[in-house]
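Structure, as structure tokens:
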There are 2 protein chains.
Amino acid sequence: MISVALIEDLKDIRDPLFEFLSFQPEFLCEIKAESVEDFLEKAKGFLPPDVILLDIGLPGISGLGAIQLLKDRWAEVNIIMLTVFDDTEKIFQALRSGAVGYLVKNTPLIKIRDAVIDSYGGGAPLSPEIARKVVRFFESPQNKIDSPLTEKEKQIVAGMVDGQSFKMIAANLGNTIETIKSHTKNIYRKLYVNSKAEVITKSLRGEI
Amino acid sequence: MISVALIEDLKDIRDPLFEFLSFQPEFLCEIKAESVEDFLEKAKGFLPPDVILLDIGLPGISGLGAIQLLKDRWAEVNIIMLTVFDDTEKIFQALRSGAVGYLVKNTPLIKIRDAVIDSYGGGAPLSPEIARKVVRFFESPQNKIDSPLTEKEKQIVAGMVDGQSFKMIAANLGNTIETIKSHTKNIYRKLYVNSKAEVITKSLRGEI
DNA sequence: TATTATACCCCCCGAATGTGGGATTGTGAA
DNA sequence: TTCACAATCCCACATTCGGGGGGTATAATA
């Protein structure tokens, strides 16, 4: 029997999911909580759970913050994030903190069941799009030998990463601000982005 | 129809697996090769395959070396490694080179079929023990340094790094844009910066 | 030679961001 | 009980950014 706990604030998700999990013959579902605080309270007197399904967008202590907390308490527990967020930062923060799984919230119930079993068996259940992001992380930037950017464009990117405004970049490179903005448009087109923020992120992740 | 190719030197594995895959109604299996060289020869005249199942222990060009080669030729191809090796080095080398999946060789046929579909759909099929190793890679050895930012502020920073506008961050976190702007002012004050760009740079350099 | 591609330069406008004020609520520490 | 401070919202205003144009010059290529 796999002992499973669920922490999820939305009643409409929590209750049906918990009921479904309770129905599984291989699961022992003892704890259902609407927040981390609630969970820690209810967990008193129970044996450590094998698997915890944990929402990220919780009131009070967030799911991401809770990972560390829960791992400190039970080092062996398998934490699976269950969330609507699919942005890279949250995924990596969760994994860094010690989560072993990451499921997006539209995951069918049966897949959630499989994920619990998978994690208990030493796997790492990730939703397909999440898995792809994780795997992409390893892809060596060196593979993309030739940056599509020209020298000028690279200088501008460097300025952006440095936190400079277009005006400052223009001053440094001896151009008008309009010229810099024009180059920026070309940069955005080449990198398939449409904001300074994305250029900086791509650049610092070695994707240029 | 997903066009699938198989490169595997052992006849005893290659032939039954190819037959199985050919039998799947959603697959179009045109190329079966016993080496990378053999594959490149046979691939002439065919459209680029969607998914390539690739052994690592091949005679001649190794599977690991072939990844780069194949990705250079068809940037969009999904390469799934199929191998007896489960050592960390080979896994990461494969992912670095651009493979999207990694299956150990005792994987049941039906799971291989699922993996092909998964990869074609934008996923990253990994055998459970492989997935766990990949996820473990992220686990930070040291406990997080204390950031001056609150949980909420960190969420906003995460949004910024993801390239979101204040409006989008507000929508994701369920706030008004004014709230986000207010928090942003506090973030800037705490980090001694005065632009989104600088926050992203600091964050990605691990200075938060 | 005409065409194409590319790097580089500039202007305008609406949207987003940055900055200066506010305000209220709740929580937790002094 | 103050006090600080996180979190939520609001307004006003100046600046910056993103996307739409328009150009020139040069090199390669058809």
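Order of the sequence lines fixes the chain letters, A, B, ..., with proteins taken first and strands second; residue numbering starts at 1 for each chain. These numbers come from a predicted model, not from an experiment.
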Phosphate-side-chain proximity, A:Asn175 and C:dC9, N/O vs OP1/OP2 below 4.0 Å: yes
Distance below 4.0 Å between B:Thr150 side-chain N/O and D:dC5 OP1 or OP2: no
Sugar-phosphate, base or nothing in reach of A:Thr176, heavy atoms under 4.0 Å: sugar-phosphate
Presence of B:Lys167 side-chain N/O under 4.0 Å of C:dA16 phosphate oxygens OP1/OP2: yes
Distance in angstrom units between B:Glu153 CD and D:dC5 P, rounded: 12 Å
Any A:Lys190 side-chain nitrogen or oxygen under 4.0 Å from OP1 or OP2 of C:dA7: yes
A:His183 or B:Lys181, whichever maps to the more 5' nucleotide of DNA chain C: A:His183
Whole-Å distance separating the CG atom of A:Asn186 from the C1' atom of D:dG18: 13 Å
Euclidean distance, atom CG of residue B:Leu149 to atom C1' of D:dA7 [Å, nearest integer]: 14 Å
Whole-Å distance separating the CE atom of A:Met168 from the P atom of D:dT15: 15 Å
Closest nucleotide among C:dC10, D:dC17, C:dT17 to the A:Ser165 side chain: D:dC17
Interatomic distance, A:Leu58 CG vs D:dA7 C1' [rounded to whole Å]: 17 Å
B:Lys190 NZ: over 12 foreign heavy atoms closer than 6.0 Å: yes
Atom CZ of A:Phe23: over 12 foreign heavy atoms under 6.0 Å: no
Within 45° cone of A:Phe166 ring axis and under 6.0 Å: A:Lys196 NZ or CZ: yes
Rounded interatomic separation in angstrom, taking CD1 from B:Ile177 and P from D:dC10: 11 Å
d(CZ, B:Phe166; C1', C:dT19) in whole Å: 12 Å
Side chain A:Ser182 and base C:dC10 donor-acceptor under 3.5 Å: yes
Any A:Tyr188 side-chain nitrogen or oxygen under 4.0 Å from OP1 or OP2 of D:dG18: yes
Under-3.5 Å donor-acceptor pair between B:Lys196 side chain and C:dG18 base: no
Side-chain H-bond candidate by donor/acceptor type, A:Ser182 with A:Thr179, under 3.5 Å: no
Nearest-nucleotide 5' precedence on DNA chain C, B:Glu178 against A:Lys152: A:Lys152
Atom-to-atom span, CG of B:Asn194 to C1' of D:dT15 - whole angstrom: 12 Å
Ring centers of A:Phe138, B:Phe138 separated by less than 6.0 Å: yes
